[in-house]
A.B. asks: 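Pasting a structure below so you can have a look.
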Amino acid sequence: MSPTAQERLTRTVIRSLGALPAPLQRLIAGRPIEIDGQRLLTEVQMALRLLNALPGAAFEELPLPQARAQVDAEARIFGRSDPVALVEDIRIPTRAGDVGARVYQGSTEGVPSGTVVYFHGGGWVVGSLTSCDSVCRFIAAHTDLRVVSVDYRLAPEHPFPAGVDDAVDAYRWVRDHPDWGTTVAVAGDSAGGNLSAVVCQLTPDAPPDFQLLFFPVTDTSTKHPSYALFGEGYFLTERQMDWYIDHYLPREADRTDPRASPLLGDLREQPPAHVAVSGFDVLRDEGIAYARRLREAGVPTTLQVVPGHIHAFVNATGVGRTSSAALAEAVDALVAGMRTARLTR
């Protein structure tokens with residue numbers, strides 16, 4: 001769907017504010033906010049103040065079609081559309097039929113050195129190929145990797161474990177693809193980070209070569225301390241996480257099931273990982289805990305804590321100065337991990 005006139009205007013205003021000198025941004029943002037030994041970034045605080053002042057219902061209060069449309073609109077407003085040489089929509093066969101996917105390549109010259117299977121965020125309820133388009137474009141534009149973004153089925157129409165099944169089947173299809181499966185990573189943000197971690201645990205016979213997890217949901221069975229610190233006012237709220245999990249997991253589902261809570265699974269012999277978390281995020285502590293448990297299991301793991309930032313920073317590369325730099329750092333780790341995988345085959 002094309003951006004509306006209101007979307008275009010909002011995007012122009014927000015990006016203009018993001019380009020202001022830091023002292024002017026501070027005037028708009030207000031007094032600095034410090035929590036847990038870190039300060040909220042000025043440009044982020046300014047954006048939050050503006051967003052929180054806008055009229056309208058939170059997306060979890062909307063009918064699902066409107067909520068999904070709002071999340072996609074926010075992605076278009078805050079994301080950056082890096083130019084790439086190829087964007088192609090395909091279908092991937094699964095045990096339940098098939099799912100849509102979108103293939104990105106930064107260049108059509110030469111053969112990509114590997115493939116990244118990407119799973120979008122959105123709490124398994126919202127989100128789409130549109131909501132993660134800017135992230136996939138960034139990866140494709142700044143590497144020689146092919147990106148395959150997967151449009152897995154969403155809850156509540158398709159509750160757990162439908163999304164897991166689609167993610168595993170899509171990964172296996174890419175791995176088995178004659179031209180794409182030599183070196184394959186999984187990556188994803190939030191719920192997509194959860195699915196990436198779960199895919200790694202469910203494919204011991206043909207595991208990914210690397211996993212890139214952006215602020216992943218790793219434990220649906222309990223709320224870690226960062227919920228108390230950042231549960232309201234920092235974009236992703238505790239209430240929204242409750243809404244997501246209640247839609248995704250049926251009442252009879254076991255929330256300690258590692259397919260829902262990969263932190264509680266067996267992390268031995270998992271693929272090398274890079275875990276990136278935001279400093280001001282309800283999911284911060286469970287992401288850090290996942291990186292720690294991977295390391296304790298002997299898995300080569302790097303942890304990137306982006307202090308002062310909020311959930312979904314990778315989806316905000318069109319605004320301000322910090323999101324792109326943090327995403328670039330994570331993508332560098334992905335490239336290094338894929339290079340190591342190729343050299344050690």
Side-chain angles (χ1 to χ4, degrees), residues 41 43-44 78-85 103-107 109-121 132-149 180 182-190 192-193 196-197 199-200 207-216 270-279 281 283-284 287-288 290-292 294-295 299-345:
L41 290 168
E43 64 182 36
V44 175
F78 289 97
R80 184 179 74 201
S81 186
D82 286 297
V84 294
V103 181
Y104 300 82
Q105 286 183 208
S107 172
E109 297 180 5
V111 179
S113 64
T115 302
V116 180
V117 183
Y118 197 92
F119 303 108
H120 66 78
C132 67
D133 180 75
S134 64
V135 184
C136 295
R137 285 177 174 272
F138 189 101
I139 295 172
H142 292 84
T143 71
D144 64 349
L145 300 168
R146 177 190 295 106
V147 180
V148 180
S149 179
W180 296 358
T182 304
T183 310
V184 182
V186 289
D189 57 284
S190 199
S196 297
V199 166
C200 292
D209 294 288
F210 193 80
Q211 53 183 320
L212 174 59
L213 313 179
F214 294 117
F215 31 86
Q270 292 298 290
H274 181 80
V275 182
V277 301
S278 309
D281 186 359
L283 300 180
R284 183 194 68 182
I288 292 173
Y290 199 71
R292 182 176 63 249
L294 285 170
R295 287 171 173 169
V299 178
T301 302
T302 50
L303 172 64
Q304 175 188 2
V305 179
V306 184
H309 224 309
I310 57 174
H311 188 79
F313 68 84
V314 300
N315 306 102
T317 53
V319 183
R321 305 169 178 86
T322 57
S323 294
S324 293
L327 177 54
E329 180 180 340
V331 171
D332 285 346
L334 167 68
V335 171
M338 294 290 271
R339 182 185 305 116
T340 299
R342 290 193 301 273
L343 293 175
T344 55
R345 280 189 175 277

A.B. asks: Given H274 and T301, is the side chain to side chain donor-acceptor pair (under 3.5 Å) satisfied, shown in steps?
C.D. replies: CA-CA 6 Å; H274 181 80; T301 302; over 6 Å; no

A.B. asks: How close do Y104 and S149 get, heavy atom to heavy atom, and via which atoms?
C.D. replies: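 Minimum heavy-atom contact is CE1-CB, 4.1 Å.
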
A.B. asks: Would V275 and T302 satisfy side chain to side chain contact (heavy atoms under 4.5 Å, CB included), going step by step from the backbone distance to the final call?
C.D. replies: CA-CA 6 Å; V275 182; T302 50; over 6 Å; no

A.B. asks: Of V314, L212, L213, which meets side chain to side chain contact (heavy atoms under 4.5 Å, CB included) against D189?
C.D. replies: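 Looking at V314, L212, L213, the match for D189 under the side chain to side chain contact (heavy atoms under 4.5 Å, CB included) is V314.
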
A.B. asks: Counting only N and O atoms by type, is there a donor-acceptor contact under 3.5 Å from the side chain of S278 to the main-chain atoms of I310?
C.D. replies: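 Answer holds: yes.
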
A.B. asks: Would F313 and F215 count as a ring-ring contact (aromatic ring centres under 6.0 Å, His included) here? Give the steps.
C.D. replies: CA-CA 9 Å; F313 68 84; F215 31 86; 5.5 Å; yes

A.B. asks: Quick one: does any side-chain atom of E43 pair with a main-chain N or O of T322 as donor and acceptor, under 3.5 Å?
C.D. replies: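 Confirmed, E43 side chain pairs with T322 backbone.
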
A.B. asks: If we ignore hydrogens and angles and just use 3.5 Å, is the side chain of Q304 paired with the main-chain N or O of A326 as donor and acceptor?
C.D. replies: yes

A.B. asks: Mind running side chain to side chain contact (heavy atoms under 4.5 Å, CB included) on F214 and L283 for me, showing each step along the way?
C.D. replies: CA-CA 10 Å; F214 294 117; L283 300 180; over 6 Å; no

A.B. asks: Which heavy atom of A185 sits nearest to which heavy atom of L334, and what is that distance?
C.D. replies: CB-CD1, 3.9 Å

A.B. asks: Write down the atom of M338, the atom of G114, and the distance for their closest heavy-atom approach.
C.D. replies: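 Here M338 and G114 meet closest at CE-CA, 4.2 Å.
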
A.B. asks: Tell me the closest heavy-atom pair linking D82 and A141, and the distance in Å.
C.D. replies: CB-CB, 4.0 Å

A.B. asks: Between the side chain of T183 and the main-chain N/O of R342, is any donor-acceptor distance below 3.5 Å?
C.D. replies: no

A.B. asks: In a check of side chain to side chain contact (heavy atoms under 4.5 Å, CB included) between V186 and each of P271, S196, P207, which one passes?
C.D. replies: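 For V186, the side chain to side chain contact (heavy atoms under 4.5 Å, CB included) check succeeds only for S196.
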
A.B. asks: Where is the tightest heavy-atom contact between S113 and D144, given as atom of each residue plus distance?
C.D. replies: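 Minimum heavy-atom separation between S113 and D144: OG-OD1, 2.7 Å.
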
A.B. asks: Kindly determine whether Y118 and V148 satisfy side chain to side chain contact (heavy atoms under 4.5 Å, CB included), including the steps that lead there.
C.D. replies: CA-CA 6 Å; Y118 197 92; V148 180; over 6 Å; no

A.B. asks: To check you understand the geometry: which heavy-atom pair defines the closest contact between P83 and R137, and what is its length?
C.D. replies: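 Heavy-atom minimum between the residues: CA-NH1, 4.4 Å.
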
A.B. asks: Does the side chain to side chain contact (heavy atoms under 4.5 Å, CB included) test come out yes or no for R295 and L303, once each step is laid out?
C.D. replies: CA-CA 10 Å; R295 287 171 173 169; L303 172 64; 3.7 Å; yes

A.B. asks: What do the steps show when you test S190 against H311 for side chain to side chain donor-acceptor pair (under 3.5 Å), and what is the final call?
C.D. replies: CA-CA 8 Å; S190 199; H311 188 79; 3.1 Å; yes

A.B. asks: Okay, side chain of R284, backbone of V277: is any donor-acceptor separation there less than 3.5 Å?
C.D. replies: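 Checking the backbone N and O of V277 against the side chain of R284, no donor-acceptor pair under 3.5 Å is found.
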
A.B. asks: What's the spacing between R80 CZ and S324 OG if we round to 0.5 Å?
C.D. replies: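 R80 CZ to S324 OG: 4.0 Å, rounded to 0.5 Å.
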
